[in-house]
Amino acid sequence: MKKALIIATIEDFLNFETNNIKLLQNMGYQVHVAANSLDVIRSFNMENVEKHQIDFVRNPFTVKNIVAYKQLCKLVKEIGFNVIHCHTPVGGVIGRIVAHKYHVTTIYTAHGFHFYKGAPVLNWLLYYPIERFLARWTDILITINKEDYERAKKFVKGQVVRIPGVGVDTKKFADCKINKAEKRRELNVPEDSFLILSVGELNKNKNHQIIIKALSLLQNKQIHYVIVGTGQLKNELEILSRKLKLEKQVHLLGYRQDIAEICKAADIFAHPSFREGLGIAVLEGMASGLPVIVSNSGGIKDYTETGKTGYCLSAKDCNGFALAIKKMYDKPEFRKKCSEYNREQAKLYDLQNTNKIMLNVYSSYLEGR
């Protein structure tokens, strides 16, 4: 039986790869996954998939990843894979080095290059040379936004493909039905409040703090902000909320499995990230019919537009976010217009479209290998 290996730095990321795994299995591949399963919120779990612990460390420049490299070499040598599909920066670097060493067909999905327009100079000095060098050992490079796709075509010798992200189950979010009043009570949010929702890890890149600061400028107790996600900045966001006297309006919900239901309980979706490969959380909100207030970062620019999807701003524009929230609050007809547009826009990123492209990539390139 042909064997495929999917690599990611942490096991939790592999939950985004279930569709690719099913595609490979349907093509007759025995699928293995390799990741660091330590300290994750939830474990990856699929039938007929072999799991391997590799001690990847997120920091690509730590010598600790030498251990991960040796572990991956041992795994690839012992099993003899026909193809390796790498994800995440560290998984992509180590995976491609090992694949080259053992002459294995290599696919790498870049979920947002760190060297994007407007990125810090240090990002360009560190990440761009690495990606350009590893491109020579990449048979297929898959990108998820326009900017990365156009840039990759300039230095990748192999095939470059653009897909609409990992795909969104738009029907799940569009068709979700709830009792809005009951859901808001469950979330400890006033039934008559104006509810802003964000979904994402609590880290500096997701930039949740700018929405909290924007709320402090508005001084409107009717507006509440719900954040779904976990991360190292939880305490910092709580301290900021208390400092700005917003602790009763900011709600940190932690990890949740009812995102579709929470979307239906919200009025708008906010996503002010500094960097974003595509922004699946935004698309899920749009599929639910939520107007969005977002940063004009990375792949988010591909499908959002001020006046159509909501408002798009610089990630650092606190006053701009405050004004956008106020306009959304004051203009229910505009929100309704955005809601209708967003439902249709999100369908372009439905997982069925992603699956079609990935099936073509796998079948056309791997057939006979």
Inter- and intrachain pairs under salt bridge (Lys or Arg N to Asp or Glu O under 4.0 Å), touching residues 92-112, at least two apart: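 Pairs touching residues 92-112 that pass the test: R96-E131.
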Using 0.5 Å steps for rounding, measure from the [atom1] atom of [X] to the [atom2] atom of [Y].
X    : Y    : atom1 : atom2 : result
S198 : I268 : OG    : CD1   : 9.0 Å
L195 : L290 : CG    : CG    : 9.0 Å
D267 : I196 : CG    : CD1   : 9.0 Å
L14  : E17  : CG    : CD    : 7.0 Å

Q53 versus S37, side-chain donor and acceptor atoms under 3.5 Å: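 Per modelled atom types, S37 and Q53 side chains form a pair under 3.5 Å.
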D139-T105 side chain donor-acceptor pair, cut-off 3.5 Å: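 No pair is found: no donor N or O on one side chain lies under 3.5 Å from an acceptor on the other.
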Whether [Y] and [X] form a salt bridge (side-chain N of Lys/Arg under 4.0 Å from carboxylate O of Asp/Glu) is what I want to check.
X    : Y    : result
E50  : K3   : no
E340 : R343 : no
K146 : E150 : no
K70  : D55  : no

Polar side-chain atom of [X] near backbone of [Y] as donor-acceptor pair, under 3.5 Å:
X    : Y    : value
T309 : V292 : no
N65  : A68  : no
S339 : G289 : yes

Same cluster (ILVMFWY, side-chain, under 4.5 Å), L141 and I357: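 Cluster IDs for L141 and I357 differ.
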Chi angles and distances behind the side-chain contact (heavy atoms from CB on, under 4.5 Å) call for V76, I84: CA-CA 9 Å; V76 172; I84 294 177; 4.0 Å; yes
Nearest atoms (heavy-atom pairs only) where L218 meets A322: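 Smallest heavy-atom distance, with atoms named: CD2-O, 3.5 Å.
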Atom of S193, atom of R184 and distance for their closest heavy-atom approach: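 Looking at all heavy atoms of both residues, the shortest contact is O-NH1, 2.6 Å.
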Worked check of salt bridge (Lys or Arg N to Asp or Glu O under 4.0 Å) between K337 and E333: CA-CA 6 Å; K337 177 184 174 183; E333 285 303 314; over 6 Å; no
Atom CD of Q352: over 12 foreign heavy atoms under 6.0 Å: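 Atom CD in Q352 is not packed in, count stays at 12 or less.
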Audit row: K206, E276, salt bridge (Lys or Arg N to Asp or Glu O under 4.0 Å) steps and yes/no: CA-CA 9 Å; K206 294 302 181 184; E276 202 68 60; 3.0 Å; yes
Working for salt bridge (Lys or Arg N to Asp or Glu O under 4.0 Å), residues D258 and K264: CA-CA 10 Å; D258 56 344; K264 289 296 185 179; over 6 Å; no
Qualifying residue, where the test is ring-ring contact (aromatic ring centres under 6.0 Å, His included) with H87 and the options are F16, Y108, F13: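 It is F13, the one option of F16, Y108, F13 that forms the ring-ring contact (aromatic ring centres under 6.0 Å, His included) with H87.
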